[in-house]
Amino acid sequence: MSIRDTVTGVSYDALIADSSVPALTKIVTLTAGQGILARGTILGITTSTGNAVVVKTGATDGSAAANCILADDNVDTTNAAVNATAYVSGVFTRDLLTVSTGDTVAVHEEELRDKSIYLTKISQ
């Protein structure tokens, strides 16, 4: 066992844009069959099961409204429903968020704001 470790670098995760609003979390159950979901995926909640799915405008199962943002990375829902951590408040970088194909983050921005989730762009 080593009493000393060498750190070769630190990477910055820009998903959380600032700390002016606390980044609070909750555990959600992700519906099976969605594949591998990335950190920053915007989630909606289905009314029949209460499970989370990738938000999609026009969905009729309740998941058309944005509810939270996936905090975990590479969550595999391919074969089974799984529990994961999701942000329910905070300030996030708009360009790092993900929605369903054909959907846009901008469509869900007001819904997220109503949930104390705010979006911004970080200057480079």
Side-chain angles (χ1 to χ4, degrees):
M1 178 164 122
S2 173
I3 59 170
R4 183 175 157 206
D5 289 324
T6 302
V7 177
T8 58
V10 175
S11 63
Y12 173 68
D13 177 0
L15 180 62
I16 298 175
D18 73 43
S19 61
S20 61
V21 176
L24 302 177
T25 62
K26 70 177 179 179
I27 301 298
V28 296
T29 300
L30 296 164
T31 299
Q34 300 183 85
I36 298 173
L37 302 181
R39 175 175 164 83
T41 300
I42 300 176
L43 303 172
I45 304 297
T46 59
T47 52
S48 62
T49 65
N51 288 355
V53 296
V54 179
V55 72
K56 183 166 180 75
T57 300
T60 59
D61 60 0
S63 65
N67 181 273
C68 54
I69 297 173
L70 187 61
D72 296 331
D73 199 14
N74 298 317
V75 181
D76 190 354
T77 68
T78 304
N79 298 314
V82 294
N83 290 335
T85 305
Y87 294 110
V88 294
S89 68
V91 182
F92 300 90
T93 305
R94 176 182 290 106
D95 296 339
L96 298 179
L97 299 177
T98 305
V99 291
S100 294
T101 303
D103 209 345
T104 66
V105 172
V107 168
H108 301 285
E109 188 164 359
E110 188 171 328
E111 299 161 356
L112 291 169
R113 192 175 321 119
D114 290 342
K115 301 277 186 192
S116 297
I117 296 173
Y118 302 94
L119 308 183
T120 190
K121 182 172 179 80
I122 293 181
S123 301
Q124 297 285 335

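Residue numbers count from 1 along this sequence.
- Judged by distance alone, the side chain of Ser89 and the main-chain N or O of Pro22 form a donor-acceptor pair under 3.5 Å.
- In the hydrophobic clustering of this structure, Ile69 groups with Val99; members are Ile, Leu, Val, Met, Phe, Trp, Tyr whose side-chain heavy atoms approach within less than 4.5 Å, directly or through other members.
- Of the residues listed (Asp95, Thr98, Leu119, Leu96), the one engaging Val105 in a side chain to side chain contact (heavy atoms under 4.5 Å, CB included) is Leu119, and it is the only one.
- No side-chain donor-acceptor contact under 3.5 Å links Thr85 to the backbone of Asp72.
- Proximity of a side-chain donor or acceptor of Ser100 to a complementary backbone N or O of Val55 within less than 3.5 Å is detected.
- Ala64 approaches Gly58 most closely through the heavy-atom pair CB-N, 3.9 Å.
- The number of heavy atoms from other shown groups lying within 6.0 Å of CG (Asp114) is above 12.
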Chi angles and distances behind the side-chain contact (heavy atoms from CB on, under 4.5 Å) call for Thr41, Val75: CA-CA 10 Å; Thr41 300; Val75 181; over 6 Å; no
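- Judged by distance alone, with hydrogens and angles left aside, the side-chain atoms of Ser63 form no donor-acceptor pair with the main-chain N or O of Val53 at under 3.5 Å.
- When all heavy atoms of Arg94 and Lys121 are compared, the pair lying nearest together is NH1-N, 3.9 Å.
- Residues Leu112 and Tyr118 have side chains not in contact (no heavy-atom distance under 4.5 Å, counting atoms from C-beta outward).
- The two residues Leu70 and Ala38 have their closest heavy-atom pair at CD2-O, 3.4 Å.
- Hydrophobic clustering places Leu15 together with Ile117 (ILVMFWY residues linked when any side-chain heavy atoms are closer than 4.5 Å, directly or through intermediates).
- Hydrophobic clustering (side-chain heavy atoms under 4.5 Å, transitive across Ile, Leu, Val, Met, Phe, Trp, Tyr) groups Leu97 together with Ile16.
- Side-chain atoms of Thr47 come within 3.5 Å of backbone N or O of Asp61 as a donor-acceptor pair.
- Closest approach of Ala66 to His108, counting heavy atoms only: CB-CB, 3.8 Å.
- For the pair Ala32 and Ala81, the tightest heavy-atom approach, listed with the atom from each and the gap, is CB-N, 3.4 Å.
- Of the possible polar contacts, none joining the Gln34 side chain to the Thr77 backbone as a donor-acceptor pair under 3.5 Å is found.
- Among all heavy-atom pairs drawn from Cys68 and Val88, the shortest one is CB-CG1, 4.3 Å.
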Does Asp103 form a side-chain hydrogen bond (donor to acceptor under 3.5 Å, both in side chains) with Thr57? I'd like the steps, not just the answer. CA-CA 6 Å; Asp103 209 345; Thr57 300; 2.8 Å; yes
Derivation and outcome, side-chain contact (heavy atoms from CB on, under 4.5 Å), residues Asn67 and Leu43: CA-CA 6 Å; Asn67 181 273; Leu43 303 172; 5.7 Å; no
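- A side chain to side chain donor-acceptor pair (under 3.5 Å) with Tyr87 is found for exactly one of Arg39, Lys26, Lys115, namely Arg39.
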